[in-house]
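All remarks here apply to the structure that follows.
Here is the naming used below: chain letters follow the sequence lines, and residue numbers restart at 1 for every chain.
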Amino acid sequence: MSDHRAPAGIAGRRCLDDEVTLESSTPKLNPGNQQNTPRLGGWTCHREEVMAMEWWLWLIIIIVVIVVLVGGFLAIQARRRSGGVIITDPGQPPSGGPR
Amino acid sequence: MSTLLRASDLAKLPVVTFAGEAVGQIKDIVYTPDGGQISAFTLAGRGLFAGPLKTAVPWGSVTGLGPDALIIESEARLVGLDEIMTGQGPAGPTRGDVLNSQVLTDQGTALGTVADVIIGIGGPNGQADIVGYEIDPADTLGRGRQRLLIPLPDTLAASAEHLMVPAAAADYLTDDLTAFGGAVDAFRTQLGADT
């Protein structure tokens with residue numbers, strides 16, 4: 001069974017794969033299970049906090065990316081659609097017009 | 001004098017056929033310096049996601065131009081944008097956008113930069129002509145920050161960077177569009193008398 005190194009700050013602590021699995025399932029399904037309590041104070045718990053932080057960070061990042069993309073799109077569209085007054089070299093004189 | 005409009009008033013006007021179909025909206029106004037006549041309008045699609053169209057409305061296809069729409073007979077009267085931009089159509093190759101170009105007198109005085117273009121519609125031959133520029137005055141002009149209208153002669157000397165006007169045009173600067181028609185007539189009359 002492979003293991004994962006704990007992040008910095010929990011030096012020397014190693015978590016097994018089944019701990020990681022329990023982190024997401026056991027505390028919610030069986031919160032009173034004392035067998036899992038020590039794991040909650042270890043890397044699993046720490047990993048939960050990291051996951052929560054990442055969730056908010058990802059949300060903020062996604063919102064910022066969406067705002068930037070929408071703003072960029074609108075700016076590009078405004079530029080593409082904006083008009084001007086274009087001068088040309090003299091050519092064949094125009095004819096006709098409103099009747 | 002014909003009805004005067006700012007070019008910005010025409011931008012984004014819908015282009016509508018006799019059948020009531022909106023084929024786009026005005027994007028650019030294309031004109032020739034020789035006589036300042038409008039030769040065509042380029043188009044953009046309608047709606048937020050639409051971009052520039054590859055077709056244009058030559059002035060000869062315009063049957064009506066009012067404050068709310070430009071009317072053409074049918075979509076078949078549109079021409080390819082290439083014809084307009086490469087000189088194969090009613091005008092020669094394009095030199096660029098005159099907005100934000102510097103206006104210089106023939107004596108080398110900078111009058112300001114072009115903020116808008118004044119168009120006279122419904123002249124004696126049913127043509128639409130560029131009759132003046134609305135400029136952001138240069139500091140050296142000593143006229144403050146308020147935009148001014150400057151009349152143009154019949155034949156314009158212009159590139160996309162510098163627009164040349166006779167020095168006498170500076171005597172007819174005004175900030176009143178309703179009185180500008182008279183200034184254009186007086187200016188052109190003076191030019192005709194001088195030459």
Side-chain angles (χ1 to χ4, degrees), chain A residues 4 7-8 17 20-25 27-29 43-99, chain B residues 7-8 10-12 25-35 37-42 44-45 48-52 58-65 71 84-85 87-99 101 114 116-117 119 121-122 125-128 130 156 158-160 163:
Chain A
H4 303 283
D17 277 347
V20 177
T21 305
L22 284 169
E23 163 212 344
S24 58
S25 59
K28 287 178 181 174
L29 292 174
W43 181 48
T44 306
C45 182
H46 179 79
R47 183 177 165 84
E48 252 186 6
E49 290 171 4
V50 169
M51 289 300 289
M53 180 71 77
E54 285 179 348
W55 185 83
W56 285 106
L57 275 176
W58 278 115
L59 182 65
I60 292 170
I61 289 170
I62 288 171
I63 290 173
V64 168
V65 167
I66 289 173
V67 167
V68 169
L69 287 178
V70 170
F73 171 77
L74 292 177
I76 290 171
Q77 276 299 88
R79 187 172 177 82
R80 288 177 71 209
R81 295 165 58 81
S82 68
V85 182
I86 296 175
I87 191 167
T88 63
D89 282 325
Q92 179 184 342
S95 57
R99 292 185 283 266
Chain B
S8 57
L10 297 180
K12 298 184 180 176
Q25 64 183 37
I26 294 176
K27 180 177 182 287
D28 298 303
I29 297 164
V30 183
Y31 76 101
T32 56
D34 183 16
Q37 295 175 339
I38 292 178
S39 57
F41 300 96
T42 69
L48 180 64
F49 296 98
W59 178 256
S61 298
V62 176
T63 58
L65 179 57
I71 307 296
I84 300 297
M85 295 302 192
Q88 297 165 7
T94 58
R95 296 185 196 172
D97 194 346
V98 300
L99 297 181
S101 298
V114 177
D116 211 335
V117 172
I119 300 167
I121 296 177
N125 50 5
Q127 190 49 255
I130 305 294
L156 314 178
S159 70
L163 308 173

Counting only heavy atoms closer than 4.5 Å, note whether [X] contacts chain A via side chain, backbone, both or neither.
{"X": "B/A11", "result": "neither"}
{"X": "B/I71", "result": "neither"}
{"X": "B/F41", "result": "neither"}

### Query
Do B/Q25 and A/R81 have side-chain heavy atoms sitting under 4.5 Å apart?
yes
### Query
Can you tell me how far the OG atom of A/S82 sits from the CG atom of B/D28, to the nearest 0.5 Å?
8.0 Å
## Note on the structure
OG1 of A/T88 to CD of B/Q37, rounded to nearest 0.5 Å, is 10.5 Å
### Query
For the side-chain contact (heavy atoms from CB on, under 4.5 Å) test, which of B/I38, B/V30, B/V117, B/L10 pairs with A/V85?
B/V117
### Atom group of A/I76 that falls short of 4.5 Å from chain B, counting heavy atoms
neither
### Task
Could you check A/I87 against B/Y31 for side chain to side chain contact (heavy atoms under 4.5 Å, CB included), going step by step and ending with a plain yes or no?
CA-CA 5 Å; A/I87 191 167; B/Y31 76 101; 3.7 Å; yes
